[in-house]
Q: 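Have a look at the structure that comes next, please.
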Amino acid sequence: VDPWFADRIPPFLAATRDELPHLREAVDAGAFDRVRGLARRLRITASEHSIELMADLAGLLEQAARSSDVESTRRVIEELDAYVAHVQVTYRRPLERELDQAG
């Protein structure tokens with residue numbers, strides 16, 4: 001990724017990971033309006049960081065919460081959890097890329 005993103009994505013992923021328990025609590029409490037708000041903010045921020053898959057998942061979360069669908073909402077939260085736990089962010093300097101391409 002671009003250096004600007006490489007500096008900002010790991011803290012964003014960590015913040016998202018920290019927010020997942022709050023999403024679960026909101027679902028358990030039936031506070032789907034809170035879930036929608038958190039999902040909307042997550043979708044926007046993920047788009048700003050060019051993490052389209054995460055933005056798509058946040059959009060699905062927003063949609064599930066709009067329908068008050070507990071099962072779907074929980075499933076999307078678990079998918080987000082798996083994503084932030086496993087995604088890797090790598091920045092390679094231009095010289096490293098040139099060396100790899102040269103063989």
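Here the structure is a predicted model, which is why all the values come from computation and not from measurement.
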Q: Just how far is it from atom CD of Gln63 to atom OG1 of Thr73, taken to the nearest 0.5 Å?
A: 10.5 Å

Q: Where the side chain of Arg17 meets the backbone of Asp81, is there a donor-acceptor pair that is under 3.5 Å apart?
A: no

Q: Might you point out which heavy atoms bring Ala55 and Ala46 nearest each other, and give the distance in Å?
A: N-CB, 3.6 Å

Q: Could you give the distance from CG (Leu53) to CD (Glu79), rounded to the nearest 0.5 Å?
A: 9.0 Å

Q: Taking atom CZ of Arg40 and atom CG of Leu38, what is their separation to the nearest 0.5 Å?
A: 9.5 Å

Q: When you check the gap from the basic side-chain N to the acidic O, do Arg36 and Glu62 get nearer than 4.0 Å?
A: no

Q: Nearest 0.5 Å, please: how far is CG in Leu20 from OH in Tyr83?
A: 13.0 Å

Q: Inspect the contact between Arg8 and Glu48 and indicate whether a charged nitrogen and a carboxylate oxygen are less than 4.0 angstrom apart.
A: no

Q: Give the intermediate values and the outcome of salt bridge (Lys or Arg N to Asp or Glu O under 4.0 Å) for residues Glu52 and Arg43.
A: CA-CA 9 Å; Glu52 295 309 315; Arg43 179 177 47 79; over 6 Å; no

Q: Would Ile44 and Ile77 show up in the same hydrophobic cluster when neighbours are defined by side-chain heavy atoms closer than 4.5 Å?
A: no

Q: I want to check something: taking the side chain as every heavy atom from C-beta on, are Thr45 and Thr16 in contact at a cut-off of under 4.5 Å?
A: no

Q: First locate atom CG of Leu61, then atom CG of Asp69, and finally report the distance between them rounded to the nearest 0.5 Å.
A: 11.0 Å

Q: Carefully, step by step, assess Met54 and Phe12 under the rule side-chain contact (heavy atoms from CB on, under 4.5 Å).
A: CA-CA 11 Å; Met54 199 167 173; Phe12 166 64; 3.7 Å; yes

Q: Evaluate the side-chain proximity of Ile9 to Leu13: yes if any heavy-atom separation is below 4.5 Å, no if none is.
A: yes

Q: Does Arg74 come within less than 4.0 Å of Asp28, counting only side-chain N to carboxylate O?
A: yes

Q: Taking atom CG of Leu60 and atom OG of Ser72, what is their separation to the nearest 0.5 Å?
A: 9.5 Å

